[in-house]
Amino acid sequence: MAVNLKQLTQHEELLTGGHRACAGCTGSNILRQIMLTAGQNTVVGGATGCMEVVTTIFPYTAWRTSFIHSAFENCAATVSGAETAYRALKKRGDLPREETGRKNFIAFGGDGGTYDIGLQSLSGAMERGHNMVYVCYDNEAYMNTGIQRSSATPLGAFTSTAPAGKVKQGKEQNRKDLTKIMVAHNIPYVAQTTPFHWKDLATKVEKALAVDGPAFLNILMPCPVGWHFDTAIGMQLAKEAVESNFWPLFEVENGVYKINQKPKERSPMENWMKQQGRFKHLFRPGNEAILENIQTYVDEQWEKLLKLEEMTAK
Amino acid sequence: MARQFMKGNDAIIVGALAAGCRAYYGYPITPASEIAQAAARHFPALGGVFIQAESEVSAINMVYGTAGMGIRTMTASSSPGFSLKQEGLSYCAGAELPCVVVNIDRGGPGLGNIAPEQADYFQVTKGGGHGNYRLISLAPNGAQEMCDLTVHAFELADKYRNPACIMADGITGQMMEVVEIPEADELKHDHSDWCVDGTPGTRKNLISSIVLDPEELEQHNLHMDRKYKEIEANEVLFEKYKTEDADLVVVAYGVVSRIVYSTVDAAREAGMKVGLLRPITIWPFPTEAIRSLIPTAKHFLAVELSTGQMVEDVRLAVEGHRPVHFYGRCGGVVPSGMELEEQYRNILEGGTES
């Protein structure tokens, strides 16, 4: 499956301009790139979250395809219902002939709606084996409601419910490794990517849509509002998240791990973190140990990932 | 006494701290998130706990656990999140656990919007979850009451071993006013007769809401019903403004009552005898207070940010003795004073009924 930029640009844009995403948002790039690959024959479900809010301000919609909104906690269930109904109608012969071709079912949720409140319905949908792709756009906190921590928020990051001050220094826990939780569902395809790596992203969307059964994509989404960075550098931060091994590009096809990009020399986490206001307090004297913990954790996770690749190689 | 300029949502936490609450469990939602953020700032610094749960369901059940320990605890949310808490509230009520839950009502149904509404009135006052239970429901109309009624809610919750609810709207949560900070309450409350905190004295206690035998569950329900009748008899709070000689008694709570206040005098200057009865507890509802005005009032008018919910309780109080009119705006639209005065005129001059 070779993705060609020239071909992609000739596809119809299914997420139109004029939506209300913030300046410098990388989420709209994620949605556009996915939809360029998926095409018109797609049913999109969107959990409550920033990308749902900015693209579907009633009575307008930025989506040029079917879109169904659900509550925060149940997008995977909503899309399960749509996909099941479609299969049943098709089986009964109740669909007009032109509608019986392959349809894509894609569920979108942010990290709050996926790692936290939506995990139950996501897990259920993946276990039941619906023919759907679940995409988590992960900006590492609840940005839509005012930057509260989520279980995707990394250690040390400042949020309004994990503040930094005299007593506390931001979030005290490491983030949950949701991608691996999804791997543990033994579904055909799980992958992690970013909007900067457009070719990697488009290839992974193609693969996820092609498999028979459920697939899960976890996509890092640098957020200028919640991460506190200059609106020009969102894509740069997506790139550097991979170069520092904080957010490795990898995929798991039928249980086999493949790391899609191995930095020749990993860049230190400090370089990446220094560009984001949410980590500013960590560079104050006295917080050296937290910085060290963060680096150690990232390095350990990377080593484990290398081993998983080695162990599952065919 | 210290005075501070703050948002209504922040005043909730000032009240909670004054009431000795040191355990907050929350989940983000607009327009209630400031409550969780204020708790995150202040609770840990005072030796308390703040946990952001992974969902509203978890937050209310963390409250269930902490309340079971006999410790003052709370959670807060806005309408869609409050819906998710209903199961937990039913369990709290069934197991007779005191706690405080705040609902900063926003536009619904479904995801609705983040503008103010009072359309959760039924859910709050009639027992939004399953089974025979009630929430003690307090409806503040400003930042000071957000604080003071939170203190009162903790007291009532403990006194009756029942969840208490602060039902406010998006405006009352978001607007800023001066708040006089109350004196702090005791931190320790002895609940060893029913709580389960691992100490030898509480090992005999059981916290549960499962009563399999129908006769026994009926007894449990009747016991709770007696408690609710006692609350109805003793805990009603309301405020009256120029109702003594009013031809038209307006019944309004929360932010709407603020608008009605400002119209009563203007209406009187225009020759219309209008008064306001403001329920402060929306359950127990000030039924008797409304009934006592039947001899002098010619009309009643319920004004709400809904398509008509509290008006049903006003009708039950008036029992057909006088016409009960209704005027409501919803979806986040708030009526203006002029709009209300026009309603008063229509009613008093026998114009078109709304």
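Hydrogens, waters and symmetry mates play no part in the numbers below; they use all other heavy atoms, side chains included. Letters A, B, ... are given to chains in the order of the sequence lines, protein chains preceding strands, and every chain is numbered from 1.
Around the CD atom of Q120(A), the shell of radius 6.0 Å holds no more than 12 heavy atoms that belong to other residues, nucleotides or ligands. For R32(A), the CZ atom sits in a loose shell: 12 or fewer heavy atoms of surrounding residues, nucleotides or ligands are nearer than 6.0 Å.
Of the two parts of Y115(A), neither the backbone nor the side chain holds a non-hydrogen atom closer than 4.5 Å to a non-hydrogen atom of chain B. Using a 4.5 Å cut-off between heavy atoms, P80(B) does not touch chain A at all. Residue I114(B) does not touch chain A at all, counting heavy-atom pairs closer than 4.5 Å. Using a 4.5 Å cut-off between heavy atoms, K168(A) touches chain B through its side chain atoms alone. In this structure, chain B has heavy atoms under 4.5 Å from both the backbone and the side chain of T161(A).
The greatest number of non-hydrogen atom pairs below 4.5 Å with chain A, out of E34(B), Q52(B), E56(B), R41(B), is found for Q52(B). No other option in D116(A), T159(A), L119(A), I117(A) has as many heavy-atom pairs under 4.5 Å with chain B as I117(A). Options G81(B), S33(B), A39(B), G110(B) differ in how many heavy-atom pairs under 4.5 Å they form with chain A, and the most are formed by S33(B). Put simply, of A40(B), A53(B), P28(B), S55(B), the one with the most heavy-atom pairs under 4.5 Å next to chain A is P28(B). When each of T145(A), V167(A), T48(A) is checked for heavy-atom pairs under 4.5 Å with chain B, T145(A) comes out on top.
No hydrogens or angles considered: a donor-acceptor pair under 3.5 Å links the side chains of Y25(B) and T66(B). The closest side-chain donor-acceptor pair between Q37(B) and Q148(A) falls under 3.5 angstrom.
Among the candidates F67(A), F216(A), W63(A), Y137(A), the single residue satisfying the ring-ring contact (aromatic ring centres under 6.0 Å, His included) test with F108(A) is W63(A).
Cation-pi contact between R175(A) and F246(A): present, with separation from the ring centre below 6.0 Å and deviation from the ring axis of at most 45°.
Using bins of under 30°, 30° to 60° and over 60° for the plane-to-plane angle, the ring pair F105(A)/Y86(A) lands in the tilted bin.
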